[in-house]
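Presented below is the structure to which this report refers.
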2 protein chains.
Amino acid sequence: MEHLPIFSEVVRRVTSMDVILGLLHQRPYTGYEIKHAFQHQFSYFFDASFGTIYPTLGKMEKLGYITKESIPQDNRPVKHLYSLTDEGRKQFREYLVSPLEPESFRCDFLVRLTFGEHLGTDALIRLVEENLNGSRAYLAELEGKWTKFCDRMSPSQEIAIRIGIESNKARVKVLEEGLAKLKGKGL
Amino acid sequence: MEHLPIFSEVVRRVTSMDVILGLLHQRPYTGYEIKHAFQHQFSYFFDASFGTIYPTLGKMEKLGYITKESIPQDNRPVKHLYSLTDEGRKQFREYLVSPLEPESFRCDFLVRLTFGEHLGTDALIRLVEENLNGSRAYLAELEGKWTKFCDRMSPSQEIAIRIGIESNKARVKVLEEGLAKLKGKGL
DNA sequence: AAAGACATGTAAGCCGTTACATGATTAA
DNA sequence: TTAATCATGTAACGGCTTACATGTCTTT
């Protein structure tokens with residue numbers, strides 16, 4: 001079988017457009033600022049490159065979800081500041097109430113662990129160590145963000161960042177224990 | 001700036017090919033069986049559809065990474081059983097020692113939480129409840145897999161599944177606490 | 001009667017990344 | 001002098017999903 005959708009409400013992936021629409025609820029943004037927000041506010045669950053952001057903004061303007069204000073600058077390209085329209089707000093609503101996309105995430109590190117037997121103990125230990133360091137740094141970053149912004153976060157944003165922090169703590173713990181075990185075998 | 005790679009070792013994403021190559025180290029597989037393995041062994045960090053698997057197998061055969069054995073059947077399409085070649089083994093090695101892809105994962109649920117203020121308390125509570133139920137079910141699934149297969153898992157596979165289990169436990173806890181808080185405000 | 005396992009494939013289209021293209025200003 | 005910040009865009013190409021195309025056999 002495997003067939004016959006016909007009328008099922010189809011699940012779509014979150015796209016850059018959805019997130020940009022959400023972001024523009026705060027205030028108008030330029031493409032450059034959107035990239036900055038992706039990296040500094042959303043990096044733990046979203047990212048997109050300029051190669052996505054600029055064409056997406058163009059598409060959104062054509063669809064009437066946003067309007068563009070062009071601001072000339074000295075020795076710089078014209079700055080384009082985009083604002084949300086009512087159409088855009090409506091579109092975002094539609095995203096928010098659409099069926100939630102099932103979480104299926106692709107993780108290079110977990111793939112390598114799964115096939116880690118073909119890697120040799122030394123390389124495996126190095127892999128886990130590297131990831132442990134990365135996870136610790138990442139955890140510190142999230143905790144920094146938390147202490148810095150927790151007073152300005154909505155209740156649901158608190159949940160979001162605490163999911164990041166707590167699941168990362170758990171990960172660090174597993175990695176530490178696993179590493180000790182791997183090293184114990186080597187002796 | 002943002003430019004000039006020139007000679008940096010470029011990071012590539014894990015592809016279905018990498019995972020198929022890893023899987024075929026165990027034994028020969030058909031495309032259909034590979035899909036099954038993706039869903040039942042690897043679902044918590046990888047998935048791919050038939051629309052990816054079959055064309056990928058064709059490409060891999062052309063590249064000499066695998067060989068095909070065709071097995072005729074009654075009232076069924078010819079079954080193609082694929083085996084790893086030395087070239088394929090070599091290619092997989094290259095993946096294993098290539099630079100680890102940085103984790104950037106896109107999570108619909110976290111996006112919705114971040115912009116959850118535009119959703120209204122009731123809808124937000126429903127969203128969190130749904131996700132909590134899903135997370136609990138998923139955790140149970142992982143724990144089932146763990147008790148079932150832990151004696152047959154390599155040390156690194158143990159680490160992989162325990163990362164899944166422990167970070168999911170942490171997530172469930174955050175979700176429970178967050179939900180209680182959201183409901184407390186409603187009263 | 002329906003659902004699920006078994007079994008393979010193609011075509012259209014979306015969404016995304018990297019690399020290319022261009023350059024001034026300011027701080028370390 | 002190197003790197004970072006500011007600022008916008010296009011073109012080539014890759015990988016993946018969904019829908020289409022086509023069934024039989026077995027279990028509930």
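These numbers come from the heavy atoms of this one structure, side chains and all, not from hydrogens, waters or symmetry mates.
- Around atom CG of A:Asp151, more than 12 heavy atoms belonging to other residues, nucleotides or ligands sit under 6.0 Å away.
- Taking the six-membered ring wherever Trp is involved, the centroid distance between the rings of B:Phe45 and A:Phe105 does not fall below 6.0 Å.
- Of the candidate nucleotides C:dG16, D:dT5, C:dA5, C:dG16 has the atom nearest to the side chain of A:Thr52.
- In this structure, NE2 of A:His36 is placed 13 Å from P of D:dA4, rounded to the nearest angstrom.
- A close approach under 4.0 Å does not occur between any side-chain nitrogen or oxygen of A:Ser49 and OP1 or OP2 of C:dG16.
- Here B:His80 reaches the OP1 or OP2 of C:dG9: one of its side-chain N or O atoms lies under 4.0 Å away.
- Side-chain nitrogen and oxygen atoms of B:Asn75 include at least one within less than 4.0 Å of the OP1 or OP2 phosphate oxygen of D:dC25.
- Between D:dA7 and A:Gln73, a contact under 4.0 Å exists linking OP1 or OP2 to a side-chain N or O.
- Among the protein residues, B:Thr56 comes within range of no part of the nucleic acid, since none of its heavy atoms lies under 4.0 Å from any strand.
- The phosphate of D:dC6 has neither OP1 nor OP2 within less than 4.0 Å of any side-chain N or O from A:Lys35.
- Looking at which nucleotide of DNA chain C each of A:Met17 and B:Lys79 is closest to, the 5′-most match is held by B:Lys79.
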Task: Residues B:Tyr29, B:Tyr82; criterion ring pair (Phe, Tyr, Trp, His ring centres under 6.0 Å); working and verdict - done: CA-CA 5 Å; B:Tyr29 274 83; B:Tyr82 293 96; over 10 Å; no
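- Between A:Arg76 and A:Pro55, the one whose closest nucleotide on DNA chain D sits nearer the 5' end is A:Arg76.
- A salt bridge does not link A:Arg106 to B:Asp47: none of the charged side-chain nitrogens sits closer than 4.0 Å to a carboxylate oxygen.
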TODO: Starting from the C-alpha separation in whole Å, work towards a yes-or-no answer on side-chain contact (heavy atoms from CB on, under 4.5 Å) for A:Ser43 and A:Gln41.
DONE: CA-CA 6 Å; A:Ser43 63; A:Gln41 288 183 241; over 6 Å; no
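- Between B:Val78 and A:Ala48, it is B:Val78 whose nearest contact on DNA chain C lies nearer the 5' terminus.
- Within residues 61-70 of chain A, no residue places a heavy atom under 4.0 Å from DNA chain C.
- The side chain of B:Arg106 has C:dC15 as its nearest neighbour among C:dC15, C:dA5, D:dG9.
- Separation of the A:Phe115 and B:Phe92 ring centroids falls under the 6.0 Å cut-off.
- Taking 4.0 Å as the cut-off between side-chain N and carboxylate O, B:Arg136 and B:Glu176 count as a salt-bridged pair.
- B:Thr15 has no side-chain polar atom (N or O) that falls below the 4.0 Å cut-off from OP1 or OP2 of D:dG15.
- Residue A:Ser16 places no side-chain N or O under 4.0 Å from the OP1 or OP2 atom of C:dC15.
- Atom CG in B:Leu57 sits about 15 Å away from atom P in C:dA7, given to the nearest Å.
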